Every structure is written in C-alpha cells, then in structure tokens.
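Below: the structure, in structure tokens.
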Amino acid sequence: MKNIAIRELAFFVYQKGNLSSELSFNSDAKEGSIIHSLRQSEYGKEAIKEYYINHKLIIDKEEYNFIGFVDGLLEKDKRLVLEEIKTTDLNVYDENFQIKDEHLAQLKLYAYFLYLETNILDIELNLLYIERKTLKRRNYKYKVTSDELTNFFNETITIYLTYFNTINKIEIERLVTTNKLEFPFSIRDGQQEIIEATLTNFINNDILYILAPTGIGKTMATLYPAIKSMSKIGDKVFYLTAKNSGKTSAIQALNILKENGLRLKSIELVAKKKICLYGKENCKMEECPYAKNFFEKLKEATLDILTNNDIIDNNILIDYAMKYEICSFEYALNISLYTSVIIADYNYVFDPKVKLIRYFEQDNFKPYLLVDEAHNLVSRSLEMYSNSLSIYTLIKLKNLFINEKIIYKKILVLINYLHKTYDDKVTTISSFISKDKDLNLENYLIDIVDDIYNYLEFNDNIDNKDEILEGYFALKDYLRIANLYDRTHLFIVKLENNNLIIRLKCLDASNYLLETINNHSSGTVYFSATLYPLNYYKSFLSQNEGSYLELTSPFNKDNLLLMNMPISTRYNDRHYTIDLIVDAIKKCIMAKQGHYIVFFPSYEYLNLIVSNINIDDYEMIVQTKDKPINYFMDKFKSKDNILGFFVLGGIYSEGIDYVGEMLDGVIIVGVGMPQINEENNLLKTYFDNINNKGFLYSYTYPGFNKIVQAVGRVIRTETDKGIALLIDDRYQSQIYKEIFPAHWSNIKYLNFDSNLDELLLEFWAKK
C-alpha cells in the first residue's frame, strides 16, 4: 500500500508557471503555522481544526492511502464549510493578486474525501489567504457538488498515477535488488562491526558514534547497511559531508553497489551558486530565464533524468538542466524527492538558513542520516547558529537608499542608536558582552526589512538591486538567528578597524542538532577517524546521547613509527627552541630521503622555522594562499625530495590522501591549540560553568583533533609506511595520554638523550 499526501498530489498535478521568490522576513513554515493557529483560535466550539483525513482506495487493483489535514471544518447556515488557510507575502487586495491553482485543488481533494466519509452531497469551500506582514485576509468561496468532486478526483489521480507508476517501479526495483544485495568486498577487520551496529542503530532509531581509523572502509560499511535499512517505498538516506572528497567517496561506493546489482536513484546536492546556469550572485527568479515556465517543464525533465540515470552527480544534473532550460538548483531539489540516497553538505540538514524544509521541518519524511567526518560538524554547527552584523553593512545599505527618504532615515536612526549605545562600551581590545540580546536593535531591523521588502516588491528597474539584496539578506540572516537566540548564545559588540560589529555568538548548537535528529530523522550515525575524545563530540553533537563503536586500525601498526620529542613549542619558548626543532626535522628527512611535511599551528610559527632552516638536498615548498592545491600535489607526486611547510587544520592536513610514495612522514610542531582569544575564552567560560572542562573543550580537544588528522595522512593503505614525529613536551602529560587513539599505543617517547637517528634508520631498514 502506498501513502499519498493530498497536498503533494495537488501541487504535483496543478502547480504551474514560473519560479518566484517571496522575500518577506520569516516566510517559513514556522511563521505560517503561527498564523494558522491565530485563525483557528477564532473557530467556534462546534468547529473542528486540523481534521485528519486517512482514507484508503483501491485503484486499478492497487491500494492507496490518502492522508492530509484540513485546516478547518466549520458550520455556516447549517452548511458544512471546509477552510484551507494559506499565508502569502503578497498584497491580497492588489488587482494582480490571484489564487494558486494548486491551493484550490488541494481544497477540492479534501472535500472529495470528506464526501466519501460523510456522503454529504454539497460542500462549501473557503480558500483563505492571509498576508504575513499585515494579517489582512481575503476569502475565496466555492460551492461544489459530489459529482464535480468525483470527476475532479478521477482526472487528478489519472495524471498523477501515469507519472508515479514509473517512479513506483523504480522504488520496487530498489527494494527487490536491495534484498538480494551482498556486501561487495571481502569484509575487512572492523567492517562487520560497523555494518551490524549501523543496522541496529537504524532499527532502534537511535544515535551511533563510530570511531574508525583510516583504512577500514567507513563509507561502504555505513552506506551499505543504511541502504539495507530502507525497507519501504519512499525511504531516504542522507549522506552528509563537509568536503567534496567525502561526496566523491559516497558516489564511488554507490557505483560499486550498482555494479553488484543494486538499482537505486541517488543525487548529489550542491550550493546554488555552484550550479546556477544564470550566473548571478543574488538569485532573482523573476528575472531568470531558467525560472520561466519552470513547473510546466519540471515533470518531463524529472522523469527523463530518473529514467536514464541512477547516480545523478553535479555534471549530469547540469546537462539535463541545460537541455530543458530549467533552474538547476530547484530542479535538483525536486529530483531528490524521488531518489533514495541524497549526498549533501551538512547545512542542508542542520543549518537554519538553508536546511531543506520538506525533509527537516515537516513530517513527510524521516530520513536516515549518515554524517561523514563528523568531527567537522562541531565548528560548522556553531557557525550555522551564529551571525554578525556590522555598522559598515548598514552604512552601505543606507547610502543605497539616498533617494528613498523613509528607509534612509530609518537605517540612519539605527546607526545612531548603535553608536550611542555601544561606542563608550567597546574599544579595539575590549568588547561588550551580554547574555541578553538587544531587542531594540531587532525591532529596528524588523521595521527596516519590511520597508525594503515593500520597496523591492513594488518597484521595477531598481538601481543597484544586487547590492540592496545583499544588504537585505544580511539583515534577514541576523534576524533569523536572533529568533533562535537562547541560553547557549552571547550578544557581543566589538570594534575592528573602526567598524562596530554586532555578533550573536553560539557556544553550543547541540540542542538544535538534537532537535533535528530526534524529530526529523529515523536514526543518525556519526563517523570519523578522529572523534577523540568521544565525550567532547557527544556533548557538542547530541548532548551526550547515543552509543559508540571504537575500532582499531586495520593496518600493521609497525608500518608507522610514531614518536614524541619533548621540545617546548609554547609561545614564550619558541625563539629558544628553534635549533632543536630544525635539528629534529633534519634528522627525520635525512634518515630516508623522500617526501615530508612539517605542520605548524600558525603561519607566524611556520615562517619562524622556515627562515632558520636550509637543506641542500630538498626542495622546500611553503603553503601560501596564492598557490593552488594542484601545485603542491604535483610536487608530492614527483620523484624529487620534497619538504613541505603547512599549517594545521587546513586541507593539507585533513582533506588530502597522500597515497603510497607521496608521503614518507610528517613532523608536527606543537599541539594544534587554537589561538587564545576572546571568543575562545567565552567558550571556555561557558563550559567551565557546565562541566568544569572549559580549557579542554575550547583549546585542548579542538587542537588535538588537528593532530590526529595530520598523523592520519601518513598511512592510507595497507602498503604505506612512514613516520610521524610529535614535537611538544605536553604530549607526555596524562591529559594527552588519556585521549590518544587506541592505535597510538606503540608511540615512542624520546628524550634529549635518545638517539633519534638510530631509531629512524632501524625503522626504514625493516622490509
């Protein structure tokens, strides 16, 4: 039996015309539900609100279950009235305002099922539009007979099933091939445990953390059981990652499963600006040729790409979008409705600005979530729920409205308010910090945003429209986070280069992440090679909820010589230990010539060592912002002796696989600790109050994650062999020893009398 949401049925068949962008503040599902509730609170006692339709019909020998909620069942003059409430940003009394065909169709379909349940022959319909900003209302009333409703339903369902029978066959083929699908490789050590734990986690709709070193094959070992867990038509898996390399791994795994008999549709979702065919910085759908007649093209374009492709990556998507001259981003979102695996960035699930409402703010779906390289989600989530607004942004926006005196004056009043309120409270070295946000600032912004929306909505041929939109969205983004502001936030005002910056700083986003997981998913698996220490990540990602599975490295531990040299790298000692560090680097790279990387916590420290080292037999390459990744990668693929100097925490220490002879070893200077600054100290204070581990949570643990990532660059396959030297005396403290990964158990602690040369020569002499 297949469930059909009545709303989706109406929108699928009857939605037409161009894509359009309604720009008003908070035009989202939450605000719409508030307005719905306000209207429903006016209903009399005899009325029924949110009347649930759940009706089964057999059509062409197939059973379908039609579900939906009618906003209101009312009685008027002894006559039954069905009311459907729709919110809009548009002026409902404008002469060009028109009802949407899909809205009326939705109401008629509700009426049809009510007729089947009650046998009432004549039903009155009321389609009510409410303006979000002004709450003005406009009613559209219709009287329909049972015969009209029956004919309307039959026409609608015929169109729908003609299309969806094809989609249904795709889903049935997925279920059949999934049942037969076997794991495509000889199972490595650890993979069976991952498969079983993932299956159990999804059965229990729970949270699982998998700590699995490089080489186990986490992508396939999590994706395979996730696909096996999708036992119903319409089930979905979101494979989430922070980097393109993670997406590539997932696509490669799906291709392997396809070669082994799986028939499944998947799509890669990317940011709008990366696939926009129109090439505009700010999307203006009303001007875009790819938005014209979007819904008329959509059905054919979607069926075409799904019929001819299983794994839809970015290149395939763009080819079909160009073929149909259709908005590639919205096209991709529509295709995702009919795919079983969606490969996307974290923000499509967790970011309040861009999360996919159809999946994660409504109850139509509860996907399975796989979160790759989950250690990245901690910092990413804090940014998702933080926001900044500067005086310079307001000044620039004000100047764009020099000829619109009302908006100009309101922005000027806000700028003066901020200067008057905060100029005496901040300096270049001292910020204003409060647990309470500035409500006056919010009220000013809401008023300004409303005025700018009206200006954009009712004026054509606007000069500098792109710049106005940029400023407009900056204000909206601030208000979005202000609306979510809670005890995990701080209100900060700082002064940078004479620019007053107002920041809503999120210190802990775990409650927001957990709300999505608990209410809008069917289970979540966080996995990474560097979830150390686990309690730190569980705290930030799920408020300590969830089980865990920790695995040891599948590679021969003797292939990595892991050492620690207790040389101080603290800021005040750096000038005194330069020679010791240079000597250690030279010994490492001369024991066996090849390819080596020295990682530093900052560019300042990197440049200090580079200016004091000179090695004749090596080409020294130094990370700079103007040199592309390919430049450095080509160096490591060459046969020349290469010594790279890179900064910890970037793509060179986390996102690149140096396979085989590309890398012989890494030397890591320091413990990777973030810079001691005001914002990190705020995080320290926050967690000191919660668990008395402020310094560990704000400095020690985030830094150590970078170290584990950098060490992990050395051994990527079973045949790789190399060294890793950690330079800092703090690694010999109990704090660090307690958080070392299990596969670091053979670390060799050196002292100044240790013969590093002999240790290295002995290691490289072994076959």
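Quick caveat: nothing in here was measured; it's all calculated off a predicted structure.
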Check [X] against [Y] and note the closest heavy-atom contact, atom names and distance.
{"X": "R503", "Y": "S386", "result": "NH2-CB, 3.6 Å"}
{"X": "Q192", "Y": "I187", "result": "OE1-CD1, 3.0 Å"}
{"X": "D664", "Y": "G594", "result": "OD2-CA, 3.3 Å"}
{"X": "I735", "Y": "T700", "result": "CG2-CG2, 4.2 Å"}
{"X": "L551", "Y": "A212", "result": "CD1-CB, 4.1 Å"}
{"X": "Q191", "Y": "I216", "result": "NE2-O, 2.9 Å"}

Between [Y] and [X], do the side chains contain a donor N or O and an acceptor N or O under 3.5 Å apart?
{"X": "T427", "Y": "S430", "answer": "no"}
{"X": "Y576", "Y": "S568", "answer": "no"}
{"X": "T569", "Y": "D728", "answer": "yes"}
{"X": "R713", "Y": "Q709", "answer": "yes"}
{"X": "Q732", "Y": "N564", "answer": "yes"}
{"X": "T488", "Y": "D486", "answer": "yes"}
{"X": "T198", "Y": "N201", "answer": "no"}
{"X": "Y209", "Y": "E550", "answer": "no"}
{"X": "T530", "Y": "N705", "answer": "yes"}
{"X": "D438", "Y": "Y422", "answer": "yes"}
{"X": "S602", "Y": "Q675", "answer": "no"}

For this output row, return yes or no: ring centroids of [X] and [Y] closer than 6.0 angstrom.
{"X": "F350", "Y": "F360", "result": "no"}
{"X": "Y697", "Y": "Y536", "result": "yes"}
{"X": "F540", "Y": "Y701", "result": "no"}
{"X": "F632", "Y": "F646", "result": "yes"}
{"X": "Y699", "Y": "F695", "result": "yes"}

[X] to [Y], cation-pi by 6.0 Å centre distance and 45° axis angle:
{"X": "K737", "Y": "Y749", "result": "yes"}
{"X": "K425", "Y": "F432", "result": "yes"}
{"X": "R574", "Y": "Y605", "result": "yes"}

Could you walk me through whether D729 and R570 satisfy the salt bridge (charged side-chain N to carboxylate O under 4.0 Å, His left out) test, starting with their C-alpha distance in whole Å, then the side-chain angles of each, then the deciding distance to 0.1 Å, before giving a yes or no? CA-CA 10 Å; D729 58 326; R570 293 170 181 83; 2.9 Å; yes
Would you call [X]-[Y] a salt bridge at under 4.0 Å N-O?
{"X": "D688", "Y": "K693", "value": "no"}
{"X": "E442", "Y": "K437", "value": "yes"}
{"X": "K243", "Y": "E373", "value": "no"}
{"X": "R480", "Y": "D477", "value": "yes"}

Are side-chain heavy atoms of [X] and [Y] found at a separation under 4.5 Å?
{"X": "F645", "Y": "I613", "value": "yes"}
{"X": "L608", "Y": "H575", "value": "yes"}
{"X": "L534", "Y": "Y532", "value": "no"}
{"X": "K355", "Y": "V349", "value": "no"}

side-chain contact (heavy atoms from CB on, under 4.5 Å) between R487 and K435: does it pass, once the steps are laid out? CA-CA 7 Å; R487 62 176 181 78; K435 291 183 179 180; over 6 Å; no
Rounded to the nearest 0.5 Å, what's the gap from [atom1] on [X] to [atom2] on [Y]? Could you check?
{"X": "I667", "Y": "I581", "atom1": "CD1", "atom2": "CD1", "value": "11.0 Å"}
{"X": "L240", "Y": "T524", "atom1": "CG", "atom2": "OG1", "value": "8.5 Å"}
{"X": "S390", "Y": "N497", "atom1": "OG", "atom2": "CG", "value": "11.5 Å"}
{"X": "H489", "Y": "Y686", "atom1": "NE2", "atom2": "OH", "value": "10.0 Å"}
{"X": "S698", "Y": "N681", "atom1": "OG", "atom2": "CG", "value": "7.0 Å"}
{"X": "I517", "Y": "N205", "atom1": "CD1", "atom2": "CG", "value": "10.5 Å"}

Please evaluate residues K505 and E678 with respect to the criterion salt bridge (charged side-chain N to carboxylate O under 4.0 Å, His left out), reporting the C-alpha separation (whole Å), side-chain torsions for both, the decisive distance (0.1 Å), and the verdict. CA-CA 12 Å; K505 170 76 174 175; E678 183 179 63; over 6 Å; no
Using the rule given for side-chain contact (heavy atoms from CB on, under 4.5 Å), can you reason through Y385 versus L504, listing the C-alpha separation, both sets of side-chain angles and the distance that settles it, and then say yes or no? CA-CA 8 Å; Y385 289 89; L504 304 177; over 6 Å; no
For the backbone of [Y] and the side chain of [X], can you confirm whether one donor and one acceptor N or O come within less than 3.5 Å of each other?
{"X": "S539", "Y": "N535", "value": "no"}
{"X": "Y526", "Y": "L531", "value": "no"}
{"X": "Y731", "Y": "G670", "value": "yes"}
{"X": "K684", "Y": "L696", "value": "no"}
{"X": "S733", "Y": "R730", "value": "yes"}
{"X": "D351", "Y": "K353", "value": "yes"}

For S528 and H375: C-alpha separation, side-chain torsions, deciding distance, then whether side chain to side chain donor-acceptor pair (under 3.5 Å) applies. CA-CA 7 Å; S528 171; H375 61 275; 2.7 Å; yes
For the pair L514 and E545, evaluate side-chain contact (heavy atoms from CB on, under 4.5 Å) and give the outcome as yes or no after the intermediate values. CA-CA 9 Å; L514 194 59; E545 291 188 19; 3.6 Å; yes
Between D436 and S434, is a side chain to side chain donor-acceptor pair (under 3.5 Å) present by the stated rule, with each step listed? CA-CA 5 Å; D436 299 318; S434 172; 4.5 Å; no
After noting the C-alpha distance and the side-chain angles of Y239 and T219, does the key distance pass the side chain to side chain donor-acceptor pair (under 3.5 Å) rule? CA-CA 9 Å; Y239 189 98; T219 300; 3.3 Å; yes
Please test R380 against D345 for salt bridge (charged side-chain N to carboxylate O under 4.0 Å, His left out), starting from the C-alpha separation and ending with a verdict. CA-CA 11 Å; R380 285 283 301 276; D345 187 271; 2.4 Å; yes
Can you list the steps and then say if E679 with K494 is a side-chain contact (heavy atoms from CB on, under 4.5 Å)? CA-CA 11 Å; E679 293 209 1; K494 60 173 63 174; 3.1 Å; yes
